[in-house]
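Step one of this worksheet: look at the structure below.
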Amino acid sequence: MLSMNNDAYIDFLETTARRMDLLGENSFRVRAYARAARALEGISSSIDQCIEDGTITDIDGIGEGIATELKGFKENGTTEDFERLKSALPPHIDDLFKVQGLGPKRIRTLWKELGVGSLQELQQAADSGQIATLPGMGKKTVENIQKELERLASYKGRAPIADVIDVAQSMLEALRASPSVQRAEIAGSYRRGRITVGDLDMVAASTDHAATMKVFTTLPAVQEVVGQGDTKATVRLHSGLSCDLRVVDPEVFGATLHHFTGSKDHNIALRARATKRKLRVNEYGVFRINDQGEETERLPVATEEDLYQALDLPFIPPELREDRGEIEAAEKNALPDLPSLQDIRADLHMHTTYSDGRKSIKEMALAAKERGLEFICITEHSQSLHIANGLDRERLLAQIEEIDRVNQEVEGIRILKGLEVDILADGTLDMDDETLSKLDWVIGSVHQWTRQPIDEMTERVLRAVRSGLISALGHPTGRLIGRRNPYEIDLDPVLEACAENGVAVEINASPQRLDLDSSVVRKAKEIKNLWFTINTDAHSIRGLDDMIHGIKTARRGWLPKDRIVNTLSWDAFQKTVRAPGKG
DNA sequence: GCCGTTTTCGGCCCGACTGTTTTCAGTCG
């Protein structure tokens with residue numbers, strides 16, 4: 001059910017679209033393939049299965065033609081048409097799309113006229129001055145290409161969200177502090193809760209555009225102003241990240257924020273819907289249009305809610321705006337009841353000075369209380385994780401006593417006793433059963449011996465899940481975004497076993513992890529009786545604020561809040577979760 | 001190539017900015 005090779009089909013369609021585009025084929029055909037790729041990203045079942053049982057054409061955006069291509073790709077790993085596209089173009093020409101400023105037309109010209117088929121050949125063509133001789137490309141174009149090639153060499157693609165949160169928030173605060181700015185927000189994929197961002201998009205409402213532009217382009221994080229008009233500026237930050245600001249009048253802020261939140265595909269789908277209703281949507285609002293295509297009336301759209309209402313839709317949260325079925329669900333009033341920060345009553349994974357955290361139990365409890373939490377669980381590492389100063393039995397018992405004491409001292413928040421126990425290489429737990437049974441909540445996590453073959457890793461985690469001694473499975477794939485790949489594991493049987501054994505599966509909210517990934521959450525939520533838990537894994541007070549990233553991940557995964565144990569009242573929580581060693 | 005409370009054929013999102021032009025194509029989001 002959780003077939004992971006869906007990506008191969010998506011990549012197949014994307015590559016097809018890109019290459020047809022380069023060859024100058026019908027642009028609507030190109031878009032059909034690109035749209036089909038988006039549609040496949042959004043489905044929660046196995047594409048393999050859908051092709052087999054013929055339900056693939058039920059998916060909006062997939063018709064007979066693309067279904068036949070997919071079937072051919074499934075059976076033979078390629079198709080006649082795909083081979084044609086492959087042999088017609090140099091093998092590495094797709095890399096050229098990474099160069100900002102180059103699109104299908106220019107790449108095609110570069111290839112046709114100069115034989116450029118890779119980044120390396122592009123560099124040579126730029127350095128030799130040949131590019132400046134091409135129509136529509138001059139000295140400035142060459143300079144920009146050279147700059148881009150430099151950037152690409154030092155800065156690889158999209159940035160993990162963890163690397164941009166600080167700079168993004170500080171820029172936002174600086175903008176908001178400016179007297180010329182009425183409102184400001186970060187839009188783009190950052191707002192949609194993606195795990196990486198290609199750039200930062202900011203939107204500001206202002207009555208003095210010039211002043212706001214000035215504030216933005218002179219922020220300390222800015223290294224270079226790349227482009228600037230009356231309403232839009234693009235800057236390059238010291239980190240290499242690109243950042244856009246759009247400045248608009250306050251009364252159109254809602255429409256503009258919506259426009260720059262995207263995704264592009266969501267906006268395209270919405271505008272197609274608008275066209276059917278004789279409406280036009282742009283970043284300045286929603287307009288009624290006559291048969292000549294002229295704007296006759298401007299609908300009052302002060303907020304994003306107004307915008308959706310103008311299109312007869314309920315508000316669609318930013319995290320769902322990917323054109324992966326959210327518009328259809330909204331139409332049927334079937335959007336999930338998603339969690340927000342206010343719904344979260346508990347944080348059930350955090351560390352203190354007992355292992356590798358920086359603050360005491362009491363300090364963490366008080367900070368959690370300040371953030372509105374009703375209960376927390378202290379979950380140190382266990383003994384075999386030497387590098388993190390893991391706890392053995394004696395130290396854990398000592399901590400249990402201290403938690404009892406702190407619970408007496410601190411009012412208004414309850415501290416649970418827990419452990420993040422290592423799942424050892426053979427699937428046994430790094431603490432004896434009797435001691436684990438004294439605890440309220442135990443997270444089982446894999447930290448070591450992570451290079452096991454997939455079958456061994458799957459069996460190992462299954463054994464822990466079936467032990468009857470863990471309440472939750474911590475960061476189930478072990479990935480560190482942009483730094484470490486997930487370990488090899490077959491999550492299908494693991495998640496099924498979690499549901500059968502009353503073990504909650506964690507969405508680790510640390511922006512470096514965000515594990516489970518939202519795409520897995522969206523599939524896993526289909527498993528009956530599977531509970532989820534969103535936790536910060538905080539090692540400091542500041543870490544407690546990471547909860548929002550876990551929530552965004554859950555929201556991107558279409559996860560209803562009533563599937564998340566952290567939203568339960570204390571009473572309901574006790575009845576729901578599995579305490580270690582008890583049924 | 002896909003799709004249809006306008007359509008089974010004829011449409012398919014929209015505007016800002018750049019660099020090259022001399023009125024606009026290409027790219028981006």
Side-chain angles (χ1 to χ4, degrees), chain A residues 13 16-17 20-21 24-39 57-70 81 96-97 99-110 131-145 148 187-192 197-203 209 225-234 242-248 252 255-287 289 291 293 295 311-312 321 323 331:
Chain A
L13 292 178
T16 304
M20 287 193 306
D21 208 358
E25 299 186 11
N26 183 302
S27 64
F28 296 112
R29 190 166 177 245
V30 172
R31 249 177 35 201
Y33 273 86
R35 182 168 140 68
R38 294 289 82 73
T57 50
D58 294 349
I59 299 168
D60 204 25
I62 305 213
E64 290 305 325
I66 288 178
T68 307
E69 283 294 295
L70 288 172
D81 206 39
L96 299 184
F97 281 97
V99 180
Q100 297 272 311
L102 292 189
K105 299 269 168 47
R106 283 177 169 176
I107 293 174
R108 181 176 152 85
T109 305
L110 286 163
I131 291 178
T133 66
L134 295 174
M137 296 191 226
K139 205 172 127 215
K140 193 79 196 201
T141 309
V142 176
E143 263 175 44
N144 285 341
I145 288 174
E148 270 296 292
S189 46
Y190 186 99
R191 182 162 181 243
R192 300 201 310 280
V197 295
D199 66 359
L200 281 176
D201 298 291
M202 301 197 161
V203 180
H209 292 195
V225 180
V226 178
Q228 188 177 353
D230 294 339
T231 64
K232 183 184 167 185
T234 302
S242 173
C243 180
D244 287 347
L245 173 72
R246 190 61 178 265
V247 186
V248 294
V252 301
T256 309
L257 176 63
H258 180 271
H259 178 84
F260 288 100
T261 296
S263 66
K264 189 167 179 278
D265 294 308
H266 177 83
N267 288 351
I268 288 173
L270 270 192
R271 286 179 192 151
R273 183 183 176 87
T275 305
K276 285 182 197 158
R277 288 168 166 68
K278 297 216 182 279
L279 297 170
R280 173 176 297 153
V281 178
N282 61 31
E283 58 260 59
Y284 301 114
V286 179
F287 303 85
I289 51 175
D291 292 336
E295 292 172 3
L311 298 170
D312 301 322
R321 299 179 197 164
D323 193 23
E331 214 163 34

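Side-chain atoms are counted along with the backbone in the values below, which use heavy atoms only and exclude waters and symmetry mates. The shown structure was predicted, so the numbers you read here are calculated from the model rather than taken from an experiment. To find a chain, count down the sequence lines: A is the first, B the second, and so on, and within it residues start at 1.
For the C1' atoms, the distance linking dG1(B) with dT8(B) amounts to 15 Å, nearest Å. As rounded to the nearest Å, dT20(B) and dG26(B) have P atoms that lie 14 Å from one another. Using atom C1' as the reference point in both dT23(B) and dG10(B), the two lie 30 Å apart (nearest Å). Only the C1' atoms considered, dC17(B) is 15 Å distant from dT21(B), to the nearest whole Å. Comparing dT22(B) with dC12(B), their C1' atoms are spaced 32 Å from each other, to the whole Å. Look at the C1' atom in both dG11(B) and dT7(B): the space between them is 9 Å, to the nearest Å.
Residues that satisfy the ring pair (Phe, Tyr, Trp, His ring centres under 6.0 Å) test with His259(A), not counting sequence neighbours, are absent from this structure. In terms of the side chain to side chain donor-acceptor pair (under 3.5 Å) criterion, residue partners of Asp312(A) (sequence neighbours excluded) are, by chain and number, Arg277(A). Residues meeting the side chain to side chain contact (heavy atoms under 4.5 Å, CB included) test with Lys140(A), sequence neighbours left out: Glu143(A), Asn144(A). Every side chain to side chain contact (heavy atoms under 4.5 Å, CB included) that Phe28(A) has, sequence neighbours left out, goes to Asn26(A), Arg31(A). Listed by chain and number, the residues in a salt bridge (charged side-chain N to carboxylate O under 4.0 Å, His left out) with Arg192(A) are Glu322(A) (sequence neighbours excluded). Qualifying salt bridge (charged side-chain N to carboxylate O under 4.0 Å, His left out) partners for Asp60(A), counting only residues two or more places apart in sequence or in other chains: Arg35(A). Applying the salt bridge (charged side-chain N to carboxylate O under 4.0 Å, His left out) test to Lys278(A) and every residue at least two apart in sequence or in another chain returns Asp291(A). The side chain to side chain contact (heavy atoms under 4.5 Å, CB included) search around Val30(A) returns Ala17(A), Met20(A), Asp21(A), not counting sequence neighbours. Scored by the salt bridge (charged side-chain N to carboxylate O under 4.0 Å, His left out) test, Arg280(A) finds Glu295(A) as partners (sequence neighbours excluded).
Residue-to-nucleotide proximity on DNA chain B shows that, of Pro135(A) and Val99(A), the 5′-proximal contact is made by Pro135(A). Remark on DNA chain B: of its neighbouring residues Ala67(A) and Lys139(A), the 5'-side contact belongs to Ala67(A), judged by nearest-heavy-atom nucleotide.
For the pair Arg35(A) and dG1(B), the criterion of a side-chain N or O lying under 4.0 Å from OP1 or OP2 is not met. Using a 4.0 Å cut-off, no side-chain N or O of Tyr190(A) falls inside it from OP1 or OP2 of dG29(B). Taking side-chain N and O atoms only, Thr141(A) has a distance below 4.0 Å to OP1 or OP2 of dT20(B).
The CG-P distance, from Asp199(A) to dC28(B), rounds to 11 Å in whole Å. Distance, Glu143(A) CD to dT18(B) C1': 13 Å, rounded to whole Å. Look at CE on Met137(A): it is 14 Å from P on dG19(B), rounded to the nearest Å. At whole-Å resolution of the value, CG in Asp230(A) and P in dC17(B) are 6 Å apart. A straight line from CD of Gln100(A) to C1' of dA16(B) spans 15 Å, rounded to a whole angstrom. Protein atom CG of Leu279(A) is 11 Å distant from nucleotide atom P of dC14(B), rounded to whole Å. Between the CD1 atom of Ile62(A) and the C1' atom of dC3(B) there is a distance of 14 Å, given to the nearest Å. Straight-line distance from the CG atom of Asn144(A) to the C1' atom of dC28(B): 14 Å, rounded to whole Å.
Between Gly101(A) and Arg106(A), the shortest heavy-atom distance links the atoms O-NH1, 3.2 Å. Closest non-hydrogen pair, Ala187(A) versus Val203(A), comes out as CB-CG2, 4.1 Å. The minimum heavy-atom distance linking Tyr284(A) with Ala255(A) is given by the pair C-CB, 3.8 Å.
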Please write out each protein N/O paired with an N/O of nucleotides 4-11 of chain B under 3.5 Å, distance rounded to 0.1 Å.
none

Report each atom pair, protein N/O against N/O of nucleotides 23-26 of chain B, whose distance is under 3.5 angstrom.
none

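With dG1(B), dC14(B), dT20(B) as the choices, the nucleotide that has an atom nearest any side-chain atom of Ile66(A) turns out to be dG1(B). Considering only side-chain atoms of Glu295(A), the nucleotide from dC2(B), dC12(B), dG15(B) that sits closest is dG15(B). Of all nucleotides listed (dG1(B), dG15(B), dT20(B)), dG1(B) comes nearest to the side chain of Arg29(A). In this structure, the nucleotide among dT20(B), dG29(B), dG15(B) sitting nearest to the side chain of Glu283(A) is dG15(B).
With contacts defined as side-chain heavy-atom distances shorter than 4.5 Å, the pair Glu69(A)/Thr16(A) does not qualify.
Under the 90° criterion around 0 for the glycosidic angle, dT7(B) counts as syn.
Contacts between residues 261-271 of chain A and DNA chain B, counted as heavy-atom distances below 4.0 Å, involve Lys264(A), Ile268(A), Arg271(A).
dT8(B) is unpaired under the Watson-Crick or G-U wobble criterion, no partner having all donor-acceptor distances under 3.5 Å.
As judged by a 4.0 angstrom heavy-atom cut-off over every strand, Val281(A) is placed among residues touching the sugar-phosphate backbone only.
With respect to Arg273(A) and Glu331(A), a salt bridge is recorded, a charged nitrogen being found less than 4.0 Å from a carboxylate O.
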